[in-house]
Amino acid sequence: QSSVTLSGSLDIGVFKGYQGGTQVGGISRSMFAFSGVEDLGGGLSATFKLASRFKLQDGQIEDPKSYFGAESTVGLKGSFGHVRLGRAMTALWQNDWHFDPWYNYDGIASPAWYLWHGNSAADPNYSSDGVSFSRLNNGIYYEAPTIGGFTGYVSAGLQKQVDDKHRSLSVALRYAYDQLSLLAAMERTPEDKRVTFVAAKYAIGPWQVMAAYDHEKLPQGDKNRSYTLSGQYTVGSMSYKLGYGRQQDYKANFFGASAVHAFSKRTNVYLSVGNQGKNLWGRDSSKTAYGVGLAHSF
Amino acid sequence: QSSVTLSGSLDIGVFKGYQGGTQVGGISRSMFAFSGVEDLGGGLSATFKLASRFKLQDGQIEDPKSYFGAESTVGLKGSFGHVRLGRAMTALWQNDWHFDPWYNYDGIASPAWYLWHGNSAADPNYSSDGVSFSRLNNGIYYEAPTIGGFTGYVSAGLQKQVDDKHRSLSVALRYAYDQLSLLAAMERTPEDKRVTFVAAKYAIGPWQVMAAYDHEKLPQGDKNRSYTLSGQYTVGSMSYKLGYGRQQDYKANFFGASAVHAFSKRTNVYLSVGNQGKNLWGRDSSKTAYGVGLAHSF
Amino acid sequence: QSSVTLSGSLDIGVFKGYQGGTQVGGISRSMFAFSGVEDLGGGLSATFKLASRFKLQDGQIEDPKSYFGAESTVGLKGSFGHVRLGRAMTALWQNDWHFDPWYNYDGIASPAWYLWHGNSAADPNYSSDGVSFSRLNNGIYYEAPTIGGFTGYVSAGLQKQVDDKHRSLSVALRYAYDQLSLLAAMERTPEDKRVTFVAAKYAIGPWQVMAAYDHEKLPQGDKNRSYTLSGQYTVGSMSYKLGYGRQQDYKANFFGASAVHAFSKRTNVYLSVGNQGKNLWGRDSSKTAYGVGLAHSF
């Protein structure tokens with residue numbers, strides 16, 4: 001035995017959502033994870049991560065079919081980079097959330113959550129119950145060593161699921177220099193949907209600004225294009241987040257804003273508000289959602 | 001990451017139960033929990049608890065629909081008291097078990113288990129498979145600071161489940177002075193059943209005596225009233241428990257007794273015997289059950 | 001609370017299996033476990049183990065019906081031996097794997113996996129979905145203290161499952177002297193199948209050689225008899241395993257071989273190849289399988 005880390009992040013809120021009605025539940029995510037690293041000497045390590053997503057309001061596993069649905073990998077890390085095998089996020093989804101103030105996970109305020117590659121499930125035939133948007137089963141995940149500020153990522157499905165046309169393939173390239181981060185990523189899904197995604201982030205003092213452009217090409221030739229512009233400002237224990245997104249083909253807008261009070265790095269309460277504009281995902285008229293949440297990580 | 005506590009309690013026995021036939025399984029409960037507290041400074045803390053109930057005889061989760069079925073909460077604790085959100089026991093059920101020598105959890109000998117508020121599920125529409133007797137989903141739980149020996153508790157459902165008439169509401173007030181404990185609690189269930197419960201406990205040297213009165217008012221005006229009288233005597237590593245209960249409307253009796261040998265505070269073996277009298281929950285004739293069990297907590 | 005150990009073993013590989021087609025998944029097993037021991041004084045201890053088997057390639061629990069499907073026991077250990085109650089391997093299955101270089105768990109190369117007591121599920125009526133080959137629910141497991149190199153094991157089912165004819169009963173006797181290990185075991189399954197199993201292992205320097213004979217007697221009088229001969233050679237970080245087995249009644253052969261590179265005691269990569277001969281489990285013609293895997297334990 002060696003040291004195993006038991007960690008997690010918990011989120012629960014009370015909100016009036018886009019479907020209407022007062023709800024209790026996660027505005028962001030709840031998960032727990034077992035993970036560890038073994039030093040094998042000579043710069044080599046073995047890694048593992050087993051992570052489970054669940055709903056804090058009722059204690060249910062998010063997808064009962066996949067207990068370690070958030071990640072289930074074992075890997076080797078060395079001068080060659082980091083290779084993992086199992087279930088994890090594709091190269092695109094593993095990287096995009098760094099370019100959204102809500103980490104592409106806030107059901108009320110995040111423009112990323114409502115605008116980025118929303119037709120392109122990473123694993124469309126994941127189960128009879130539904131798709132898995134950002135994660136693959138039976139995959140391989142490679143992160144290259146960082147060279148001159150550049151880091152490359154590749155993920156691939158090694159085995160087709162039933163009904164998959166292709167194996168998933170996803171690549172991403174990140175660049176970091178001082179306060180600037182850039183990302184370019186492409187993914188071909190098992191349904192032959194193609195995502196091209198570029199994003200930038202710049203931090204200056206208490207400010208962060210982010211911009212992203214997402215281009216989905218669907219098999220029949222349809223396109224789904226959107227861009228997002230977001231910012232974050234931190235003063236003392238408070239952070240303020242503001243985001244705007246536009247779906248260009250349907251000319252639909254999304255606005256989101258949050259105020260976050262951090263008790264510590266691990267615990268905060270927040271107020272989120274968002275507005276889905278007319279025509280966003282088929283909406284007849286615009287709709288506002290808002291809620292308060294408590295988040296804690298361990 | 002911070003320190004996370006992994007704890008649990010395990011119980012398995014061999015018994016002849018009230019349904020007849022020799023069985024292997026829990027006479028009391030088996031569960032494990034992840035929990036933690038983060039000190040936020042200024043007397044404030046963040047808390048979480050994720051607890052799962054399972055059957056030790058076969059390793060199955062007790063209710064497959066709810067993995068963290070025993071508790072799934074995150075909360076804040078300070079001079080104002082302790083507020084939790086998520087899934088947990090209501091104010092009534094969180095407190096009543098202190099007034100039963102078997103902690104309201106022994107399928108053979110506990111009069112509380114068979115007599116207290118047995119028509120009044122805290123969450124009657126919990127799932128298509130069954131009710132949840134003592135716990136709510138989507139709830140808020142408040143424990144007030146103790147003042148002059150008094151501690152108040154309130155719990156409420158924040159979101160109705162399908163088929164719920166009302167949101168659950170439960171209040172409890174406990175008083176502790178020296179060796180005396182008192183409890184008064186009321187709960188209105190989502191089916192509009194009303195429970196009033198009062199109890200007292202007095203400890204003197206190796207003796208503990210407990211009494212409780214339970215009054216259920218059902219929607220059509222029916223009543224279900226019962227009282228229990230119990231005692232416990234401890235000498236060396238042995239404890240002896242004796243309990244009597246009476247359902248007043250059906251004039252039905254219940255008797256229970258246990259002898260417990262403690263190897264340590266965390267590990268014991270016990271012998272339990274109980275008798276359900278005629279008319280208890282529709283019984284034609286009285287029935288005796290008995291068994292031996294091994295309990296361990298970690 | 002006391003110290004709880006969180007441990008596990010992970011395995012994932014890419015292989016061409018006996019069903020054909022490239023697959024990603026476990027060639028050996030993946031599991032995690034919570035376990036602990038409490039010193040009760042006077043040479044007595046309480047023990048528990050809760051172990052779950054899952055598939056690393058997709059994060060799914062192996063049998064969704066049984067969360068702690070690998071083991072779910074609480075026990076007492078002392079000068080009298082070790083008694084456990086709950087779900088665990090029978091006396092036969094708990095011991096046989098010591099006599100196979102692949103620990104009776106390699107879907108490609110292990111002759112044990114394909115030849116030993118393959119008709120005799122320890123729990124044939126485990127669930128509507130399938131049998132449990134090596135483990136019992138509702139069981140008692142006894143390991144006697146070692147005397148003069150001999151250790152006895154007994155396991156028994158305490159409660160019949162639906163459709164069980166008998167309660168399971170299994171006994172095993174192991175002998176260890178210097179570099180020699182011997183095993184004799186017998187099991188009667190709930191379907192009245194009878195297994196007799198004898199095995200030997202001898203270690204000399206970097207070499208280990210193993211032999212086993214398995215005799216299954218089925219209810220209608222049919223027999224299924226097989227023997228296996230295996231060896232292992234270790235030099236530096238490499239281990240080489242070679243195994244042969246023969247099913248005598250159908251005159252069917254099995255060959256397996258592996259090369260293992262150990263990064264540490266806990267992490268290795270391996271190459272496995274195996275051949276199922278004609279007539280083995282009804283095969284029309286022989287079939288070769290091979291794959292590479294990564295294994296890590298924590």
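Sequence lines set the chain letters: A, B, ... in the order given, protein chains first and strands last, and positions in each chain run from 1. Hydrogens, waters and symmetry mates play no part in the numbers below; they use all other heavy atoms, side chains included.
- A centroid separation of less than 6.0 Å is found between the aromatic rings of Phe54(A) and Phe68(B).
- Residues Phe298(A) and Phe34(B) place their aromatic rings such that the two centres sit no closer than 6.0 Å.
- The nearest pair of heavy atoms linking His296(A) to Val74(B) is CB-CG2, 3.7 Å.
- Counting heavy atoms from C-beta on, the side chains of Thr73(B) and Leu56(A) never come closer than 4.5 Å.
- Expressed to the nearest 0.5 Å, how far CD of Gln159(B) lies from CD of Gln23(A) amounts to 5.5 Å.
- The local environment of OH in Tyr103(A) is sparse, with at most 12 non-hydrogen atoms from other residues, nucleotides or ligands closer than 6.0 Å.
- For Lys77(B), the NZ atom sits in a loose shell: 12 or fewer heavy atoms of surrounding residues, nucleotides or ligands are nearer than 6.0 Å.
- Between the CG atom of Leu136(B) and the CG atom of Asp58(A) there is a distance of 12.0 Å, given to the nearest 0.5 Å.
- Relative ring orientation between Tyr67(A) and Tyr67(B) is described as perpendicular, the plane-to-plane angle rising above 60° on a 0-90° scale split at 30° and 60°.
- The two residues Ser264(A) and Leu40(B) come nearest to each other via the heavy atoms OG-CD2, 3.5 Å.
- Chosen from Gly42(B), Ser66(B), Ala51(B), the residue pairing most often with chain A at heavy-atom distances under 4.5 Å is Ser66(B).
- At least one side-chain heavy atom of Thr267(A) sits less than 4.5 Å from a side-chain heavy atom of Leu76(B).
- The backbone N or O of Gly86(B) lies less than 3.5 Å from no partner atom in the side chain of Gln57(A), so there is not a single donor-acceptor pair.
- Between Leu85(B) and Val24(A) the shortest side-chain heavy-atom distance does not fall below 4.5 Å.
- We find the CG-CD1 distance between Asn138(B) and Ile12(A) to be 7.5 Å, quoted to the nearest 0.5 Å.
- The environment of OH in Tyr105(B) is crowded: more than 12 heavy-atom neighbours from other residues, nucleotides or ligands sit within 6.0 Å.
- Considering only heavy atoms from C-beta on, Gln60(A) comes within 4.5 Å of Lys65(B) through its side chain.
- Proximity to chain A is absent for every atom of Ile140(B), based on heavy atoms less than 4.5 angstrom apart.
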